[in-house]
Amino acid sequence: MALPRWLERGMADLFPAGETDDADQSLAARLAEAEAAARPLRVKFGIDPTGSDIHLGHSIMFRKLRAFQDAGHTAVLIVGDFTARIGDPTGQSATRVQLDGKAVEANARTYLDQLRSLLDFDTPGRLEVRRNSDWLADLDLPRLIDLLGTATVGQMLAKDDFSSRHGDGKPIALHEFLYPLLQGYDSVAVNADVELGGTDQTFNIAMGRDLQRHFRQRPQFGLLLPILPGTDGVRKMSKSLGNTVGLREAPLITYSKLEKLPDAAVVPYVTLLTDLDPADLPRDPRQKQRAMALAVTASLHGAEAAHRAQADAATLVSGASATESAAVPAASLATVNFPAKAFYLLSAVGLCGSSSDASRQIRGGAVRLDGDKLTDPHQCFTAAADLDGRVLQLGKTKFLRLLA
RNA sequence: GGGUCGGUGCCCGAGUGGUUAAUGGGGGCGGACUGUAAAUCCGCUGGCUCUGCCUACGUUGGUUCAAAUCCAACCCGGCCCA
């Protein structure tokens with residue numbers, strides 16, 4: 001029995017991966033069984049609202065979840081409002097900061113907001129949003145002890161993240177051991193047929209299977225997708241590494257980042273983030289990269305916006321014409337106090353993170369006004385009107401049109 | 001609870017009384033180069049409407065003309081013992 005192509009695309013691993021027609025061993029069989037019984041599968045995916053922005057690394061999961069929805073199944077989206085307060089230790093080299101309830105709630109809200117464009121929120125029966133505080137917040141001690149009894153210290157220490165930290169003599173807080181168990185218990189709570197996750201979630205998802213068995217449920221399938229590399233092309237896309245492409249960014253920013261992606265990441269991006277066949281891409285590496293950037297941007301912002309972003313990006317990097325281009329984002333001078341020295345202007349307008357940084361950039365020859373290099377951080381501008389309509393530039397890619 | 005070692009800037013990691021935001025590496029940001037990127041080379045890398053002023057070496061006090069460096073208490077961590 002074969003898996004449908006929409007399901008198999010981009011898949012990194014599936015367990016159990018039996019070839020039989022046993023619906024507990026083979027996902028294809030489980031799908032067939034569901035279809036025969038007219039019962040949609042319950043496909044779980046959990047997000048911990050620890051930040052506020054969703055990026056492409058997350059969106060590959062949601063695309064797969066959407067594919068399940070489109071095939072008639074139920075996406076069970078777990079908002080880990082309780083587990084977020086512990087923090088998933090997976091991939092972490094240090095104990096995570098625990099978040100308070102308020103921050104978690106605010107994050108959860110903005111998360112859901114951003115998901116509207118990715119998931120089917122409208123068709124009845126296709127989406128269930130659950131918060132795991134519903135069943136975790138009042139988990140009583142006897143139940144907890146029961147959970148703790150299902151795993152051993154040895155199993156936990158076999159997990160890479162823990163064993164390397166332990167080996168390095170770094171602290172591991174006891175509550176971190178709880179995380180995989182609680183995530184697993186989520187699967188029990190929602191009676192999941194499938195849990196979606198990155199390959200780094202293998203342990204946690206397997207834990208869900210153990211717990212489901214423990215509570216006499218049919219164990220879920222683990223469907224793993226690759227970890228999307230970030231804009232550096234190597235390390236996992238993650239906010240703390242600063243290599244993300246966010247869903248809420250302007251199309252031009254998205255396109256520009258993607259166009260600069262290392263070559264090795266191009267095919268994975270196309271496979272995981274678009275519906276294109278990687279074999280159809282241009283052979284020339286540069287053209288290939290541009291095609292990928294265009295397609296991914298289009299999947300996020302629509303074809304029209306993507307084409308405009310591509311055209312704008314092209315004029316921007318050509319430098320000279322940048323001052324003419326309508327693509328340059330505008331920045332208001334309303335909040336800037338005049339007279340303004342150059343370093344202050346740069347930071348006040350948001351082009352540099354701090355005025356000290358702005359001074360450095362100017363001294364380093366990175367700043368231009370209408371294409372002319374500024375050299376003196378203390379150069380003074382007396383009135384907003386003198387700057388109205390002019391283009392301030394940092395480096396080769398950051399432009400702002402100043403408006404009085 | 002006892003012993004012991006340790007807590008330095010985004011990260012790692014030197015520094016052990018005295019120009020100086022504090023060696024070095026990583027990362028980041030700029031510049032040159034290239035098909036963008038990568039690689040390589042160079043510069044920068046606490047904050048502030050700034051040519052000076054603030055805040056910084058776990059916390060709080062203390063000694064001193066002067067402390068990341070000495071002392072005390074406290075907090076946190078690793079390892080060993082109980």
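Order of the sequence lines fixes the chain letters, A, B, ..., with proteins taken first and strands second; residue numbering starts at 1 for each chain.
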Atom [atom1] of [X] and atom [atom2] of [N]: how far apart are they, to the nearest Å?
X: A:Leu394; N: B:G28; atom1: CG; atom2: P; value: 16 Å
X: A:Gln287; N: B:A37; atom1: CD; atom2: C1'; value: 15 Å
X: A:Asn243; N: B:A38; atom1: CG; atom2: C1'; value: 16 Å
X: A:Asp232; N: B:C11; atom1: CG; atom2: P; value: 19 Å

Rounded to whole angstrom, note down the [atom1] distance from [N] over to [M].
N: B:G17; M: B:G13; atom1: P; answer: 23 Å
N: B:A73; M: B:G3; atom1: P; answer: 12 Å
N: B:C10; M: B:G78; atom1: P; answer: 24 Å
N: B:C75; M: B:G15; atom1: C1'; answer: 24 Å
N: B:G46; M: B:G9; atom1: P; answer: 13 Å
N: B:G47; M: B:A67; atom1: P; answer: 25 Å
N: B:C54; M: B:C50; atom1: P; answer: 13 Å
N: B:G6; M: B:C57; atom1: C1'; answer: 14 Å

Which pairs, protein N/O on one side and nucleotides 33-36 of chain B N/O on the other, fall under 3.5 Å?
unit_1, atom_1, unit_2, atom_2, d
B:G35, O2', A:Arg286, NE, 3.1
B:G35, N2, A:Asp263, OD1, 3.3
B:U36, O2, A:Glu259, O, 2.7
B:U36, O2, A:Gln289, OE1, 3.1
B:U36, N3, A:Gln289, OE1, 3.1

*Do A:Asp210 and A:Thr150 meet the criterion of a side-chain donor-acceptor pair at a distance under 3.5 Å?*
no
*Report yes or no: do A:Asn204 and A:Gln183 form a side-chain donor-acceptor pair below 3.5 Å?*
yes
_Once you measure the plane-to-plane angle for A:His378 and A:Phe343, does it fall in the parallel (<30°), tilted (30-60°) or perpendicular (>60°) bin?_
perpendicular
_Ring-plane angle category for A:Phe45 and A:Phe62, please: parallel below 30°, perpendicular beyond 60°, tilted otherwise._
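If you compare the ring of A:Phe45 with that of A:Phe62, the planes turn out perpendicular.
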_So for atom CZ, which belongs to A:Arg109, do other residues, nucleotides or ligands contribute more than 12 heavy atoms lying within a distance under 6.0 Å?_
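No, CZ of A:Arg109 has 12 or fewer neighbouring heavy atoms, counting only those of other groups under 6.0 Å.
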_Pair A:Leu403, A:Asp388 - check side-chain contact (heavy atoms from CB on, under 4.5 Å), show working._
CA-CA 5 Å; A:Leu403 297 177; A:Asp388 188 33; 4.0 Å; yes
*For RNA chain B, whose closest nucleotide is more 5', that of A:Thr231 or that of A:Lys373?*
A:Lys373
_Under the 3.5 Å Watson-Crick or G-U criterion, the dot-bracket string of RNA chain B, with | for inter-strand pairs_ = ((((((((.[[[..)..(.....]]]((((((.......))))))(((...)))...[[[[[..)....]]]]]))))))).
*asked:* Strictly by side chain to side chain donor-acceptor pair (under 3.5 Å), give each pair with a member in residues 352-365 of chain A just once, sequence neighbours left out.
replied: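 For residues 352-365 of chain A: none.
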*Qualifying side chain to side chain donor-acceptor pair (under 3.5 Å) pairs, either residue in residues 261-285 of chain A, two or more places apart*: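 Checked against side chain to side chain donor-acceptor pair (under 3.5 Å) - neighbours excluded - the pairs reaching residues 261-285 of chain A are A:Arg63-A:Asp275.
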*Check for a donor-acceptor pair, side chain of A:Gln212 on one end and backbone N or O of A:His214 on the other, with a separation under 3.5 Å.*
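Pair absent, no side-chain N/O of A:Gln212 close to backbone of A:His214.
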*Indicate yes or no for a side-chain donor-acceptor contact from A:Tyr344 to the backbone of A:Asn337 under 3.5 Å, with no hydrogens or angles considered.*
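It does hold such a pair.
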*Does the pair A:Glu176 and A:Arg165 meet the rule for a salt bridge (Lys or Arg N to Asp or Glu O under 4.0 Å), with working shown?*
CA-CA 12 Å; A:Glu176 297 184 71; A:Arg165 276 165 67 185; 2.9 Å; yes
*Could you please spell out the steps behind the side-chain contact (heavy atoms from CB on, under 4.5 Å) verdict for A:Arg42 and A:Phe68?*
CA-CA 9 Å; A:Arg42 301 177 57 73; A:Phe68 273 100; over 6 Å; no
*asked:* salt bridge (Lys or Arg N to Asp or Glu O under 4.0 Å) for A:Arg209 and A:Glu195? Distances and angles first, verdict last.
replied: CA-CA 10 Å; A:Arg209 289 173 53 79; A:Glu195 177 163 354; over 6 Å; no
_One character per nucleotide, please: for nucleotides 44-50 of chain B, 5' to 3', B when the base has a protein heavy atom closer than 4.0 Å, S when only the sugar-phosphate does, - otherwise._
SS-BBBB
Between the protein and nucleotides 78-82 of chain B, list every N/O to N/O distance that falls short of 3.5 Å.
unit_1, atom_1, unit_2, atom_2, d
B:G78, O4', A:Gly169, O, 3.4

*Looking for any heavy atom pair under 4.0 Å, which part of the strands does A:Lys398 touch: base, sugar-phosphate only, or nothing?*
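Sugar-phosphate, no base atom in range.
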_Salt-bridge criterion met for A:Asp70 and A:Arg66 (N-O under 4.0 Å)_ = yes
